[in-house]
Amino acid sequence: MVSTERTVAYIILVVTVLLLIFVYLKSWIRCVILALKLKGPKPLPILGNVLLIGDFSSLTRVSDLSYKTYGKVFRAWISVIPAVFVLDPKDIQIILGSSRHTDKSFVYSLMHNFIGRGLISNSGYKWRLHRRLIQPYFNINILDLYTTTFWQSSSRQIKQLETSREVNINNFVNSCVLDILHETILGIGSNETTLKAESPYRKGEITASIRIQKPWFLLDHVYKFTALAESELKQRSKLYEFTKKILNLKRDSGKSSEQSVNLMQYFMEIAENNTKFDDDSIINELCTFMLAGQDSVAAAVSFTLYNLAAHQSIQEKAYIELYGIFKNSDRPTDVKDLQNMKYIEQCIKETMRLYPSVPIISRKLSEDIVLGKHTLPAGCNVFISPYTTHRLEQYYENPHQFNPDRFSTENLDKLHPYAYLPFSAGPRNCIGYKFALIEIKMIVSTLLRRFHLSLCSNKPINLAFRITLRASGGIWLKLSPRE
Ligand code: HEM
């Protein structure tokens, strides 16, 4: 009797465990079934397609051929995890345009250690609350107040270029962008040189792409024992402690009249009325903004300067626009001047089409969606590649050619709204995109007013991918002062 009861209990236990495993794995199983039906690059056992991430030329080859070879929805494998790529703007709109699919895929949780839990990597209620609280700050009127900071920083940093003729332009651009971020996000004024020198923000390294290439590093219990995890946590704690120190310093000194417009100040105001927006939230968000606004902007500026140097007639047209605005004056650039830089804005937009700073983004679907003959199940990790979509022939004629006229007012109207995604799109787009566009315009125009740019013949650019798109080894340009 006792043994029959025991057997029944065991059976119930086994069935319950199996059911739990099934419920837990259901979404993964459905994604695997879908992935097995889709075409995609040939995977390796265990690794899947992860090695592509470290090999940019293979990655771009796959990207360029993907639509023709695999169709508008295809799959890749991150080890045993299916990654479904969606290329067509109409399908992308169904995902990015919907407020139902705002959760990020597992890839973003790999960034938590580094950038903390801020807007970029959070999902669910916390993301929605923080986005609603922070969004008003990024309206255009507040951003106008930053124009002076952008100008002062660009013209201060440009001094390092006055004696050089052949330069790795990334060094100038990175210093400029970091200087601007210290001031506008953390409120560290131009005179606070000791604090700036102490800042750990320049040295960051995001490990997500390394972890994906070694899929056993995706297991937190394995990864946490590695040297990479140790150095990442050290870096994280330096960023956290530095930001906390600045927060305490600024809080103790009150609102200074010189530096009243900065994101930290705004976050302190939010916190006064929201107990959920505590110091930990402030620090995590500040770390996120400092990192989100760094490599992305620097890449966009550097690649724009590269394109202008590589296309002399386009550079000439951009310079004529500047000459029309400033004549021979070296007066500061103001908000109105920036608004008048229409052609330069087209050059920047076209650069971000060819070289989107964030070449891949991803989401985790919260419910099933139907794209043509495929049902993408809830829980599926969907990847969208602005780099690939921006080069589809159906949407861009001669897609590999640099042609700023694509972004003239009349041509812009013909473009599908989800065919151009440098800042993503929909409810979870880049919160800082207006800030970024003004900043990029300021740095590019300040440099172009002073210098004529050309390429260094023996130093071609070498594209690489590390969450953001970059030129490994930098971008070398020849600068000739304009008379
Ligand atoms: C050229 C410059 C920039 C580019 C190309 C860019 C691109 C993007 C993209 C594609 C996303 C969406 C990421 C995703 O869904 O995975 C994003 C999100 C974000 N960006 Fe930017 N960004 C730029 C500059 C900035 C700046 C200057 C800031 C802040 C000062 C900023 C702050 C953010 C934040 C906080 C998010 C997360 C928004 C959310 O999920 O609600 N970005 N950015």
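We count ligands from 1, going down the list as the structure has it; atoms in each ligand are counted the same way. Every heavy atom of this structure was used, including side-chain atoms; hydrogens, water molecules and symmetry mates were not. The first residue of the sequence shown is numbered 1, and numbering continues consecutively from there.
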Is there a salt bridge (charged side-chain N to carboxylate O under 4.0 Å, His left out) between D64 and R391 once you walk through the steps? CA-CA 8 Å; D64 286 345; R391 289 167 186 251; 5.2 Å; no
Residue pair D337, K441: steps toward the salt bridge (charged side-chain N to carboxylate O under 4.0 Å, His left out) verdict: CA-CA 10 Å; D337 298 327; K441 246 192 213 182; over 6 Å; no
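Nearest protein heavy-atom neighbour of atom 16 (O) of ligand 1: Y108 OH, 2.3 Å. The protein heavy atom nearest to atom 32 (C) of ligand 1 is A292 CB, 3.5 Å. Considering only non-hydrogen protein atoms, atom 40 (O) of ligand 1 sits nearest to R428 NE, 2.8 Å. For atom 34 (C) of ligand 1, the closest non-hydrogen atom of the protein is I431 CG2, 3.8 Å. Counting only heavy atoms of the protein, atom 13 (C) of ligand 1 lies nearest to I361 CG2, 3.9 Å. Protein heavy atom closest to atom 6 (C) of ligand 1, with residue, atom name and distance, is F423 CD2, 3.6 Å. Closest protein heavy atom to atom 37 (C) of ligand 1: I120 CG1, 3.4 Å.
Across the listed options A299, S296, P422, S357, P422 owns the non-hydrogen atom lying nearest to atom 7 (C) of ligand 1. For atom 11 (C) of ligand 1, the choice among S105, C430, P359 with the nearest heavy atom turns out to be C430. When E285, K104, M111, E439 are checked for heavy-atom proximity to atom 14 (C) of ligand 1, K104 turns out nearest.
Within ligand 1, the atoms closer than 4.0 Å to a non-hydrogen atom of N429 are 38 (C), numbered from 1 in the order shown. Atom numbering of ligand 1 starts at 1 in the shown order; those under 4.0 Å from a heavy atom of S424 are 10 (C), 12 (C). Within ligand 1, counting atoms from 1 as listed, the ones closer than 4.0 Å to a heavy atom of F289 are 29 (C), 30 (C), 35 (C). For ligand 1, the atoms sitting less than 4.0 Å from at least one non-hydrogen atom of A300 are 1 (C), numbered in the order shown with element in parentheses. Contact atoms of ligand 1 toward W127: 39 (C), 40 (O), 41 (O) (distance under 4.0 Å to a heavy atom of the residue). Near I440, meaning under 4.0 Å from any of its heavy atoms, are these atoms of ligand 1: 1 (C). Close approach to G293 involves these atoms of ligand 1, each under 4.0 Å from a residue heavy atom: 26 (C), 27 (C), 28 (C). Near R363, meaning under 4.0 Å from any of its heavy atoms, are these atoms of ligand 1: 15 (O).
Classification of K349 and E345 as a salt-bridged pair holds, one side-chain N sitting under 4.0 Å from a carboxylate O. No salt bridge links E397 with K414; every basic N to acidic carboxylate O contact stays at or beyond 4.0 Å.
Side chains of T243 and Y201: a donor on one and an acceptor on the other come within 3.5 Å. Checked by atom type, the side-chain pair T102/R131 shows no donor-acceptor distance below 3.5 Å.
A cation-pi arrangement is found for R353 relative to Y396, the charged atom lying closer than 6.0 Å to the ring centre and inside a 45° cone about the ring normal.
With respect to F435, the ring pair (Phe, Tyr, Trp, His ring centres under 6.0 Å) criterion is satisfied by exactly one of F423, F150, F289: F150.
Of the polar atoms of R131, at least one N or O is found under 3.5 Å from an N or O of ligand 1, judged by distance alone.
The main-chain N or O of Q346 is never found under 3.5 Å from a side-chain atom of E350 such that the two would form a donor-acceptor pair.
We find the CG-CG distance between D279 and N248 to be 7.0 Å, quoted to the nearest 0.5 Å.
Residue-environment remark: NZ (K196) exceeds the threshold of 12 foreign heavy atoms within 6.0 Å.
Ring geometry for F74 versus Y70: interplanar angle of 30 to 60°, hence tilted.
Using a 4.0 Å cut-off between heavy atoms, V297 contacts ligand 1 through both its backbone and its side chain.
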